[in-house]
Structures are given as structure tokens and as C-alpha cells.
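Sequence lines set the chain letters: A, B, ... in the order given, protein chains first and strands last, and positions in each chain run from 1.
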Number of protein chains: 2
Amino acid sequence: MISRPRQPTMDQVAEVAGVSRATVSRVINNAASVAPSIREAVQRAITATGYVPNVAARSLVTRRSNSVALVISEPDRPDDHSFLNRIFTDPYFGRVTAGATGALRPHDVHLVVVPTDAADQHQVIRYLRQGHVDGVLLISSNEHDPLPAQVHALGIPAVLSSRPSGPLPVSYVDVDQRAGAALAAAHLLSRGCRELATINGPLDIPAGQERLDGFRSYLGQSSALSIASNALPRHVPAVTGDFTRAGGEAAARALLEAHPAIDGLFVASDLMAEGALRAVQDRGRRVPQDVAVVGFDDSSVALECRPPLTTVRQPVEEMAAEMAELLMAHIDMPGRSPRSVIFQPTLVLRESA
Amino acid sequence: MISRPRQPTMDQVAEVAGVSRATVSRVINNAASVAPSIREAVQRAITATGYVPNVAARSLVTRRSNSVALVISEPDRPDDHSFLNRIFTDPYFGRVTAGATGALRPHDVHLVVVPTDAADQHQVIRYLRQGHVDGVLLISSNEHDPLPAQVHALGIPAVLSSRPSGPLPVSYVDVDQRAGAALAAAHLLSRGCRELATINGPLDIPAGQERLDGFRSYLGQSSALSIASNALPRHVPAVTGDFTRAGGEAAARALLEAHPAIDGLFVASDLMAEGALRAVQDRGRRVPQDVAVVGFDDSSVALECRPPLTTVRQPVEEMAAEMAELLMAHIDMPGRSPRSVIFQPTLVLRESA
DNA sequence: TTGTAGGCGTTATCAG
DNA sequence: CTGATAACGCCTACAA
């Protein structure tokens, strides 16, 4: 059996380079003022010995771990197993991860992905308190999720992925949900649809509520259009889905059952829209000729739908990158006051509407 | 601005409890022999002060981080962005994560998910050398991936998710791929299919190669069957897909174009099978009446297919849990000799075949 | 510009 | 059973 050789320490590098430990430390953290010749000698010693700094020792003194957590909180899912499955299946989280890691790389900071459901939450809190990470990117969509408040109470730097439900002095990044829904409504109207309906997300999730509000209130306001053409329905039919494919399918089925004349459908997520497409087509109705469908997210499933989905695009990667930047700023400047950054969504035209 | 109060240290707890630091340490690590009364007093002091051990200090002395990395390596994907998207979209990785975290929890060990493509590999190596983690669960399917060998050279405890391509003395967990493919072949034959074909995975991935081999060689051997009925085709048509939905669809299209009489199809992954289903149905052929389709993985998409997919099930969660247990054993007993654990797949009957 | 020395918060080895 | 005391590997005043 070959036992693993212990990592070389800074002292060994110093000895090889013929300098003191402090000097080695200086060139590693490229502190100013190290004679070029010495610096070079140290570099050589480092590569010669294969030295790599010990993170534990370093962060013990710097009080920095150089990593941040991406906490994905879904308190509602009781079943841990299906919960993780969902997280790793929903393209949204992949985009967030991609955006965040990209922004973090220049800062030389690692991202630790921490999925959590209700049962885990205290574990997560403990994890954060132990100093594993310097800050938290918190993805929490559920309005009643206690985690944002708890994390804030910890005093650890944090950035949320959407407006916190209560008044919490914390930074967040969000998309203008109402504007996105209005974009969808306007497009459906402009292509001539008059029997509109929507499949909204869970109403205890702000995004679910706001997309519904945005859709309805735009239709309520567009009196110009409603005068120019047939009157719009006073009451826009809506059925609630759960942001899953199956949920979207069931919701669409119910909707078409109750309102067979529907010719325009706004679905609050692409995943649900994919299910809705099936339901619509199962009833023998063509998309977009008979029923036009607009999704939300512009996730990768939008392209896999048939027909490809017209959808409201959130710049998720950019948003995640912005979250990361905000977080780094808070970490580097403790006491910096919280701020929010709101992104405007855009409409991506494909074939479904 | 409220500045965050520093975490209480062990000394403070000791002072509150009226004991020495060493004693506090003992109750925390519940070392043997601490007087019950003292232990209780310390516990009280801990909750009173809200003490949480500092992981950096601890792992500096124990040389343990109490976390392991789940490295997901896909050296082929040049585009980082789509790469992460794929990882977080493929249900397989979610299952792995679920299985591993579940097994790790009792050990009080955290899982750090580290996706990596070719460009990142040296970063990953550096990360591992820095001592962030005590060991590595390495998911690497590509035969030419240099990472397994590099990780092994590091001397850090590691467990692979499949047999390494070269002779590497390292533990791994795998499923009997050939047996799984044979299961599929046997089932298709038994339901009366005689014009069999397969959509195989990339041949530079062992799983891709072995599933193809297993399928073909079972058919070659089943002379009993081929005598009892019409002779089987000597050459079983096969087209290579890339383990994506779109790839499966394209492959199926090509297959049906070249061999319109196909009545039984083995697809080497559920994701590809979902695409294949579309292609088959687009040609106006019914599944399973005209063409029976068997997938591989029993991932969550198998249930979302229509019709729901008959598929070969890998017990992915259990396999990941086994990987985690093997890894913990290696971590706790350095020098333990490597071993492999092979799981037998099963056939899950649904409606597609 | 470089070296010396103290301390970061734990665990672990000893005595007592 | 409990308490000193010495590491663990690094950073950082401070001194030279």
C-alpha cells in the first residue's frame, strides 16, 4: 500500500527558496513589494515542491472560505427524493448555477449548491453558521418560506432571487413579472385572439401571483383594443398549476373542458406550457391556429415543445450573475446597504403563438 | 448599521460552563468519560451562548473537512453554459445527488457538487488538492476522460461511477449494462417482435458500447428463439445517438427511413427514447402495436412519455448510496483495497412494449 | 524589502 | 475524569 504523501507546507517551500515563510506568503497573495528575483525563486520552489495552500489554515486566519452557497429552498416538498429530482430536472436551476459560477470565477470563489426542503432548513442554518461559506445566494420562491428571514437574522451576507415577502432589508434580484405577463397578453391580443385564458402558477409564490395579476390587469386596461374589436371577456378564466409539466397538462384539460372556445392561452411557465400543449392537441385543436400558447421562462424545454414555444424570456443567467456580484460586494464591504435590481423580460417569438 | 456579532468561541462556552476548553471539546465530540453533571452544564452553556464550532479551526487540526465532492465530468462539451444546463436537466444527476446525500447524512458529511468540463479540469484538481474535501465521488462516463487517472494520482480517496477504462486500482460502482440490454432484447422477442433495431449511445462511452454489445450478443445467442419462429435478422440495425432527446429523435428517424419494417426498438436511454417515440409516432406508427419501444434508465421522463416507457431500471439512487459508503470506508480506513460493486438491472414494464 | 513572532479556534497528548 | 499545553498551517503587524 502506498500511503499518500502529505502536502508540502509553506515552511518547506520557504526552505527550498531560501527565504522566510512570510515571504512565501507574500508572493502567494501577491502582496506588493517582493523583489523580483526573490519572487521568482519562490515561484520555482512552489512548483518544485508542488505546494498548494491549505484552505483550512488560511480561512482560519482570514475568516474567509472563498466559497458561497447557492441555497435552493423548496419548503413545500415533503419528499426529499422527488424534491432533488425536481431541482435537477428543472432547467431553471441549471441556468442559475451557470450564471452564478460564471460571475464567481473571476473572484476565485467556489459555489456550493445546497438544495433544501422544510426538513433540512435547520441543517442549512447550521451549515451557514459554521462558516463554511462567506455568503448565500438564496433561491426561494415560496412566500411563506421562513428561510430568507432566518438567513437574514444570521447576519451573513445574502442575496435573494426575488422580492422577499415581508419587509426585509436585504438585497435581491428580480424580473418584472407583471411586465412579462403583459407582454404575453399584448401579443395574444395582437395576433387576434379574443377568448383568452391563463394557467397560473401557485398563488403563494409571488411569481405565480404577479404573473396572473399582470396578465389580467393588462387585459383590463386595454380598453382601446376591446373597443376596436369584440369585447373582451370580463372574467379571464384561470386555472392554477404547480409549475410542473403534469400540472400544466391537467390545468389545460380542465380549462378546455370548461371553456371550449378558448383561442389564446398564457401559461406561467414553459414546463407547464409543454403539458398544456399536449392537452390542447389531444383535444384535436391545432397550435397556434386554433389555440395560441405563450409560455414563460424561455427555458430549454421551450425549444423542445412542438411547436416550439413563444415565451417570455427571463434573463436568468444574467440575473444569477448579478446576484453573485451583489453578494461579492456585500462580502467585501460589510455594512453596504441592500439594494434590488429588476430585470425587464422580453418576448421570444416562435411558433406556438 | 448593525455589525454582525462574532461567533462565540469555545473558550467563552468553557467560561460560562465553568470548565476548561478541553472539556467542552469532549462533550461536543461526545468523547467518552465526561461526568453527566458537567456534560449537562456544558450543553446549557452551548445553547446559552449559541455556540457553533468553527469548521476551519477544526479541520485544520483533524485534517478532515467533513465534506466530499461529487464531480460530474463531461470533458466533451466545449460550451460551459449548455453543459451546466444539461447536467441540471438530466434526471440522472438528480438521482445520483439524492442517493449520495441520503447515504452521507448519517456520516454528517456534506456533498459539494462540482460540475466540470475539459476547461475546468485543472481547477478541479486544484480544488481537491487544497483540501476542501475528504474524498471524491466521480461521475465520468467518457472513456477518454483523463480525470479519473488524475484524481487517482492525487492519492485522495475516490470512487468512480463506472468501470475505469484503463487498469486503475480504484473502487467503482456499476450496473451490469450487458445484462440490462439483454433484458430488453428478451422482452422484445417475447412479445413477438422480429424486426429489431437499436439506438445506441456514444460508443466512446463504455455504457454506450456495452448496451449495444449486450443487445446484439443476446440476439445472437438466442438461437432457440430464432429457430422456433422466423429467423432473426443477422445484422441488427443500429444508429448512434448522443443521449439527448433530440439525438434520439434524429436517430429514430434515420432508422425508420432505412428500415421501415422495424417492429421492436431498444433505445439506450430514456431521454433518447422519448425522442424516438416522437419520430415513430410522426411516421404514423403506433406504439407499442406497430413498434414496441424499450428504454434504459427508468428516469422520470419514462413516466412522462406517451405511452409510458417500458425500460431497464438502474437503481441509481442505491448505486450512488453505495458509492458514498465505499468512499466513507476509504476515508476512514486509508489503505483499504479498492473494490467494485455491480448492480443488476431490472425491467420495468409499462405501456410502450 | 524581508524576517520574527503572535494568534486564528480546535483537537489531542499528556499529566494530575 | 479534567486541565494545561502543544500543535495544525497560515497571515500580518511590527521590527529590522
Side-chain angles (χ1 to χ4, degrees), chain A residues 4-43 45-46 49-67 108 126 129-134 332, chain B residues 4-43 45-46 49-67 108 126 129-134 332:
Chain A
R4 170 162 44 135
R6 239 201 196 150
Q7 299 275 6
T9 146
M10 213 157 164
D11 285 299
Q12 321 204 22
V13 177
E15 192 174 340
V16 171
V19 298
S20 80
R21 216 169 44 196
T23 301
V24 175
S25 176
R26 289 191 189 100
V27 350
I28 286 176
N29 304 301
N30 51 51
S33 63
V34 176
S37 63
I38 300 252
R39 169 177 305 258
E40 206 172 315
V42 172
Q43 297 285 20
I46 289 177
T49 55
Y51 170 77
V52 174
N54 176 312
V55 289
R58 173 179 284 178
S59 72
L60 176 56
V61 46
T62 60
R63 301 171 164 292
R64 281 284 200 98
S65 65
N66 285 315
S67 54
D108 231 310
R126 217 179 58 123
R129 292 196 53 195
Q130 286 187 327
H132 279 106
V133 294
D134 301 327
D332 291 333
Chain B
R4 170 161 45 136
R6 241 201 195 149
Q7 299 275 7
T9 144
M10 213 159 173
D11 286 299
Q12 320 204 21
V13 177
E15 193 176 339
V16 170
V19 298
S20 79
R21 211 170 47 198
T23 301
V24 175
S25 176
R26 289 192 189 98
V27 350
I28 285 176
N29 304 301
N30 50 51
S33 63
V34 175
S37 62
I38 299 253
R39 171 177 304 257
E40 205 173 316
V42 172
Q43 297 285 21
I46 288 177
T49 56
Y51 170 76
V52 174
N54 176 313
V55 288
R58 171 179 287 177
S59 72
L60 176 58
V61 46
T62 60
R63 302 170 164 291
R64 280 285 201 95
S65 65
N66 285 315
S67 53
D108 231 311
R126 216 180 60 123
R129 292 196 53 196
Q130 287 186 325
H132 280 107
V133 294
D134 301 327
D332 290 334

Heavy-atom closest pair, residues [X] and [Y]:
X	Y	answer
B:R21	B:A14	N-CB, 3.7 Å
B:A41	B:A17	O-CB, 4.1 Å
B:Q130	A:V55	O-CG2, 3.1 Å

Rounded distance (Å) that lies between atom [atom2] of [N] and atom [atom1] of [X]:
X	N	atom1	atom2	answer
B:L60	D:dC10	CG	C1'	8 Å
B:R64	D:dC8	CZ	P	18 Å
A:R39	C:dT1	CZ	P	10 Å
B:Q130	D:dC8	CD	P	20 Å
B:R21	C:dC8	CZ	C1'	12 Å
A:N30	C:dT1	CG	P	14 Å
B:I28	C:dA12	CD1	C1'	15 Å
A:D11	C:dA5	CG	P	14 Å

Under 4.0 Å, heavy atoms only, any strand: does [X] hit a base, just the sugar-phosphate, or nothing?
X	result
A:S25	base
B:I38	sugar-phosphate
A:A35	sugar-phosphate

Would one find a side-chain N or O of [X] under 4.0 angstrom from OP1 or OP2 of [N]?
X	N	value
B:T62	D:dC8	no
A:S59	C:dC8	no
B:N54	C:dC8	no
B:T23	D:dG3	yes

Of the listed nucleotides ([options]), which one gets closest to any side-chain atom of [X]?
X	options	answer
A:T9	D:dT5, D:dG9, C:dG6	D:dG9
A:A22	C:dG3, D:dC10, C:dT10	C:dG3
A:Y51	D:dC8, D:dC10, C:dT2	D:dC10
A:V19	C:dG3, D:dG9, C:dG9	C:dG3
A:M10	D:dC10, D:dT2, C:dT10	D:dC10

Taking everything shown except B:E15 itself, do over 12 heavy atoms lie less than 6.0 Å from its CD?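 No, because the 6.0 Å sphere around CD of B:E15 holds 12 heavy atoms or fewer from other groups.
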Per the atom types in the model, does the base of D:dG9 pair as donor or acceptor with the side chain of B:R58 at under 3.5 Å? no
Suppose we call a contact any N or O donor and acceptor under 3.5 Å apart; does that hold for the side chain of B:R26 and the base of D:dG3? yes
Which residue lies toward the 5' end of DNA chain D, B:A57 or B:G18, if each is placed at its nearest nucleotide? B:G18
With nearest nucleotides of DNA chain D determined for B:S37 and B:V61 from heavy-atom distances, which residue corresponds to the more 5′ nucleotide?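 Final value for this comparison: B:S37.
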How far does CG of A:N66 sit from CZ of A:R58, to the nearest 0.5 angstrom?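 Here the rounded value is 7.0 Å.
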Should A:D108 and B:R126 count as an ion pair when the cut-off is N to O under 4.0 Å? yes
